[in-house]
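Read the numbers this way: they start at 1 and go in the same order the structure lists the ligands and their atoms.
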Amino acid sequence: MSLPPGQVPARKFPVFTYVPPAKLPPPEAYRVWVRGRVERPLEFALADLLALGGEQVRHDFHCVTGWTRQNVGWEGVPLGRVLELAGVKPEARWLLAFAYGAYSAAVPLAEALRPGVILAYKLDGKPLPEPYGGPLRLVVPHLYGWKSVKWLLGLKLLDRYEPGYWEERGYHPRGDPWGEERYG
Ligand SMILES: Nc1nc2c(c(=O)[nH]1)N[C@H]1C(S)=C(S)[C@@H](COP(=O)(O)O)O[C@H]1N2
Ligand SMILES: [Mo]
């Protein structure tokens, strides 16, 4: 399989954490919210979110620092299903995903609604380990890895672009690895 320009394969899946999580709640107290430009703001307990049903996704994972981990197997709840429950308002254009801790990432809504974008709770068939963002992370496999927010806290729908952690520091609003959209 070919790699996007400027990427080299990683022999193991690196743990790449720049902004660590705040103290995570135990699984039974873990909550994820959806708010902003939606008809119905939602808050899920982890078990209720997982009960929405999972989907398996296999994709290469590209970090903007230049490594690609090939053929990563995820399982998670399709983001589209969650957003459908919330009812995205017509003026919504952007998603800002927040982590437990001081991390966030902006994703264009059109990219967030692509197939394969999931809230992942499994990695290669096992419960998602905490260093990789467990118990729950966003996976936007077709964009650079910084969009795939670990330890997901919430999803905010916006009618205009607001930068997240790395976007605020000069990284690209979209971050398509095939177009080398590293800086924006
Ligand atoms: N909460 C949080 N999410 C994060 C990060 C982070 O520092 N904190 N790093 C991002 C970056 S730059 C990458 S490449 C991926 C790395 O995911 P991994 O550790 O599972 O390889 O997580 C992304 N999500
Ligand atoms: Mo990254």
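In terms of protein heavy atoms, atom 23 (C) of ligand 1 is closest to Gly145 O, 3.3 Å. Nearest protein heavy-atom contact of atom 11 (C) of ligand 1 is Trp146 CA, 3.7 Å. If you check which protein heavy atom lies closest to atom 6 (C) of ligand 1, you get Val19 O, 3.7 Å.
In summary, of the residues considered (Leu158, Leu157, Val107), a side chain to side chain contact (heavy atoms under 4.5 Å, CB included) with Leu96 occurs for Leu158 alone. A ring-ring contact (aromatic ring centres under 6.0 Å, His included) with Trp33 holds for exactly one of Phe44, Tyr100, Phe98; it is Phe98. Between Glu167 and the choices Trp146, Tyr161, Tyr183, the side chain to side chain donor-acceptor pair (under 3.5 Å) rule is met once, by Trp146.
Members clustered with Trp178: none, using a 4.5 Å side-chain heavy-atom cutoff among hydrophobic residues.
The environment of Arg160 atom CZ is sparse: at most 12 non-hydrogen atoms of other residues, nucleotides or ligands sit within 6.0 angstrom.
Residue contacts with ligand 1: Phe13 is placed with no nitrogen or oxygen under 3.5 Å of a nitrogen or oxygen of the ligand (distance criterion only). When only interatomic distances are considered, the shortest N/O to N/O separation between Phe16 and ligand 1 falls below 3.5 Å. Considering backbone and side-chain N/O atoms, Thr17 never comes within less than 3.5 Å of an N/O atom of ligand 1.
Considering Arg137, Lys150, Lys147 only, the shortest heavy-atom separation from atom 20 (O) of ligand 1 involves Arg137. Around atom 5 (C) of ligand 1, the closest heavy atom drawn from Tyr144, Tyr103, Tyr171 belongs to Tyr103.
The six-membered or imidazole ring of Tyr18 lies near that of Trp166, with a centre-to-centre distance under 6.0 Å.
Taking the six-membered ring where the residue is Trp, His59 and His62 present perpendicular rings, their angle passing 60° and hence far from 30°.
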Using atom types as modelled, flag every donor-acceptor pair under 3.5 Å from a side chain in residues 127-141 to any protein atom, sequence neighbours excluded.
| residue | atom | partner | partner atom | Å |
| --- | --- | --- | --- | --- |
| Tyr132 | OH | Phe13 | O | 2.7 |
| Arg137 | NH1 | Tyr132 | O | 2.9 |
| Arg137 | NH2 | Ser148 | O | 3.0 |

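Residue-ligand proximity, Val15 to ligand 1, at heavy-atom distances under 4.0 Å covers atoms 19 (O). Close approach of ligand 1 to Tyr18 (heavy-atom distance below 4.0 Å) involves ligand atoms 6 (C), 7 (O). Ligand-side atoms of ligand 1 in range of Cys63: 14 (S), range being under 4.0 angstrom from any heavy atom. Near Ala99, with a cut-off below 4.0 Å to any heavy atom, the atoms of ligand 1 are 1 (N). In the vicinity of Trp151, heavy-atom distances shorter than 4.0 Å reach the ligand 1 atoms 1 (N), 2 (C), 8 (N).
Put simply, part of Ser148 is less than 4.0 Å from ligand 1, judged by heavy atoms. In this structure, Pro14 is part of the shell of residues with a heavy atom less than 4.0 angstrom from ligand 1.
Seen from the ring of Tyr165, Arg169 counts as a face-on cation partner, given the 6.0 Å and 45° thresholds.
When heavy-atom distances to ligand 1 are checked against a 4.0 Å cut-off, Trp67 comes that close only through its side chain, counted from C-beta outward.
A salt bridge is defined here as a Lys NZ or Arg NE, NH1 or NH2 lying under 4.0 Å from an Asp or Glu carboxylate O, and Arg81 with Glu84 fails to meet this definition.
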